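Sharing a structure, written as structure tokens. Questions coming.
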Number of protein chains: 2
Amino acid sequence: MARRTKEDAQRTREQLIDAAEIVFHREGVAQTSLNEIAQQANLTRGAFYWHFKNKQSIFKAMLDRQAVELGQLGMVMEASSESDPLARLRESILYVVRELERDPRRRRVYEIVFQKCEMTEQNEPIGTLLRDNVLISSDRIRAAFNEAIATKLMPANLDVDSAITHLHVQITGVVYLWLLLPDKFDLQSQATRLIDLFFDQLPQHFLSDAGEHLD
Amino acid sequence: MARRTKEDAQRTREQLIDAAEIVFHREGVAQTSLNEIAQQANLTRGAFYWHFKNKQSIFKAMLDRQAVELGQLGMVMEASSESDPLARLRESILYVVRELERDPRRRRVYEIVFQKCEMTEQNEPIGTLLRDNVLISSDRIRAAFNEAIATKLMPANLDVDSAITHLHVQITGVVYLWLLLPDKFDLQSQATRLIDLFFDQLPQHFLSDAGEHLD
DNA sequence: TTTTATACATTCATGAATGTATGTATAGTT
DNA sequence: AACTATACATACATTCATGAATGTATAAAA
């Protein structure tokens with residue numbers, strides 16, 4: 001065989017990433033050889049090295065591809081018809097969680113990131129990806145809270161930082177635990193419960209220490 | 001050099017595990033070679049292969065050593081003078097969290113487990129370790145709740161399963177997030193807050209659906 | 001239509017890690 | 001005191017993944 005059309009080449013690139021996802025998920029990233037990826041895609045290492053520099057490179061490409069989808073997802077969220085910023089936040093979080101369970105490929109990548117790869121200095125993009133994810137979503141959550149405060153939906157002395165951390169803990173916790181023990185509980189109902197509880201207790205339990213000296 | 005005394009041999013075994021912890025933490029488990037471990041311990045692969053069968057083997061030994069300490073920790077917890085089972089539960093959880101931050105070696109192993117190794121089928125003990133940890137601690141938590149119900153500290157229709165899951169989500173979430181971004185928040189105060197919030201809302205928000213049809 | 005760059009497959013050279021086999025000095029045993 | 005098992009170090013053989021080099025058929029450019 002030999003050269004295909006440009007569109008074909010782009011498709012084999014995608015096939016290689018698909019194959020990498022499958023093998024990474026099954027064997028773990030470190031244990032996967034480039035040959036396994038190529039074989040899974042019914043190709044040879046020649047094809048691999050044409051499209052990617054090394055394993056690092058295809059791993060990053062896999063993450064980038066998923067990140068693009070997540071970006072689109074963020075757009076969807078911000079295009080929500082909901083006027084209440086906290087309702088929009090709630091809605092988008094639950095949407096992400098729903099997609100995680102619904103889309104097998106997204107779940108595979110999540111499982112790879114949380115369980116099937118090592119966050120080492122040598123293995124950068126993962127660490128920065130996860131950290132940046134937290135930081136970027138922190139900004140979004142902060143914006144929603146600030147808007148809620150501005151429109152008097154939340155008290156002015158809301159401890160936004162603590163609330164953000166608390167929310168991240170909830171999401172990180174359910175997702176990690178569910179990926180670890182998917183049969184132990186229902187992801188959707190638990191996530192909904194957590195988020196609703198969080199928003200319920202938000203105005204009572206997350207006020208800043210301004211009035212701490214009252215007793 | 002040559003043969004040392006039996007106690008010496010036991011100590012070199014420990015040194016090898018210490019070295020493995022350090023190199024695993026720095027390079028990731030998959031990326032570490034047995035030679036690196038031996039060198040870190042100022043030994044050769046000959047010593048390694050005398051004490052361990054392969055990398056798997058020393059990795060499991062490392063986990064087992066930590067598990068033993070955790071077992072002792074469980075004993076400490078159950079020997080608590082506190083009579084209230086939920087207070088005992090709270091106390092022991094916060095103790096574990098405190099130890100995680102205080103003991104550098106414990107933290108290293110946690111970071112290895114959460115960030116520096118791959119949970120693959122080939123790489124069993126990790127997956128089972130984490131899962132078993134959840135299941136075993138679930139039993140302990142369940143026992144505490146049942147005792148609390150029996151002594152009328154908690155309502156009889158407490159949804160124990162949901163509460164357990166919820167508690168695990170909290171702990172998993174803070175620990176994971178703090179290991180990822182240690183400077184983003186203070187572990188102790190956040191954990192305390194989470195746990196206290198949990199116990200606060202327990203009797204109101206975690207009742208079973210027995211009375212669901214009332215409206 | 002010829003040429004050239006592309007999209008791979010195939011082959012090869014290298015290095016690194018593993019496991020094993022062997023060597024050896026000494027702690028225990030008799 | 002002689003012997004044996006232990007606790008390693010050293011040396012060796014094998015595997016295997018990587019990366020590069022080369023081959024090649026065809027799409028696209030000229």
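Naming convention: chains lettered A, B, ... in sequence-line order (proteins, then strands); numbering from 1 in each chain. Just so it is clear, the values below take in all heavy atoms, side chains as well, and ignore hydrogens, waters and symmetry mates. What you see is a predicted model, and the numbers here were worked out from it, not measured in a lab.
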Protein-nucleotide distance (B:Phe59, atom CZ; C:dT18, atom P), rounded to Å:
15 Å
Which of B:Arg65, B:Lys116, B:Arg107 passes salt bridge (charged side-chain N to carboxylate O under 4.0 Å, His left out) with B:Glu21? Answer is B:Arg65
Tell me the interatomic distance from B:Lys6, atom NZ, to C:dT29, atom P, rounded to whole angstroms.
7 Å
Is it true that B:Arg108 and B:Glu111 have a side-chain N and a carboxylate O under 4.0 angstrom from each other?
no
So B:Pro125 and B:Gln56, do their side chains get closer than 4.5 Å, heavy atoms only?
yes
Side-chain contact test, heavy atoms from C-beta onward, threshold under 4.5 Å: evaluate it for A:Arg105 versus A:Asp18 and give yes or no.
yes
For DNA chain C, which residues of residues 10-20 of chain B approach it to below 4.0 angstrom with any heavy atom?
none
Short side-chain N/O contact from A:Thr5 to OP1 or OP2 of D:dA28, under 4.0 Å
yes
Among D:dA7, C:dA27, C:dT18, which nucleotide sits nearest the side chain of B:Ser33?
C:dT18
Would you say CD of A:Gln40 has more than 12 non-hydrogen atoms from neighbouring residues, nucleotides or ligands within 6.0 angstrom?
yes
Do A:Glu91 and A:Arg88 meet the salt-bridge criterion of a basic N to acidic O distance under 4.0 Å?
no
Sequence neighbours left out, what passes side chain to side chain donor-acceptor pair (under 3.5 Å) with B:Ser189? Give chain and number order.
B:Asp186
N-O pairing of B:Glu36 and B:Arg26 below 4.0 Å
no
Going by number, which of residues 35-54 of chain A have a non-hydrogen atom under 4.0 Å from DNA chain D?
A:Arg45, A:Tyr49, A:Asn54
note: A:Gln31, atom CD; D:dA17, atom P; distance rounded to Å ~ 8 Å
Specify the residue among B:Glu7 and B:Leu34 whose closest nucleotide of DNA chain C lies further upstream toward the 5′ end.
B:Leu34
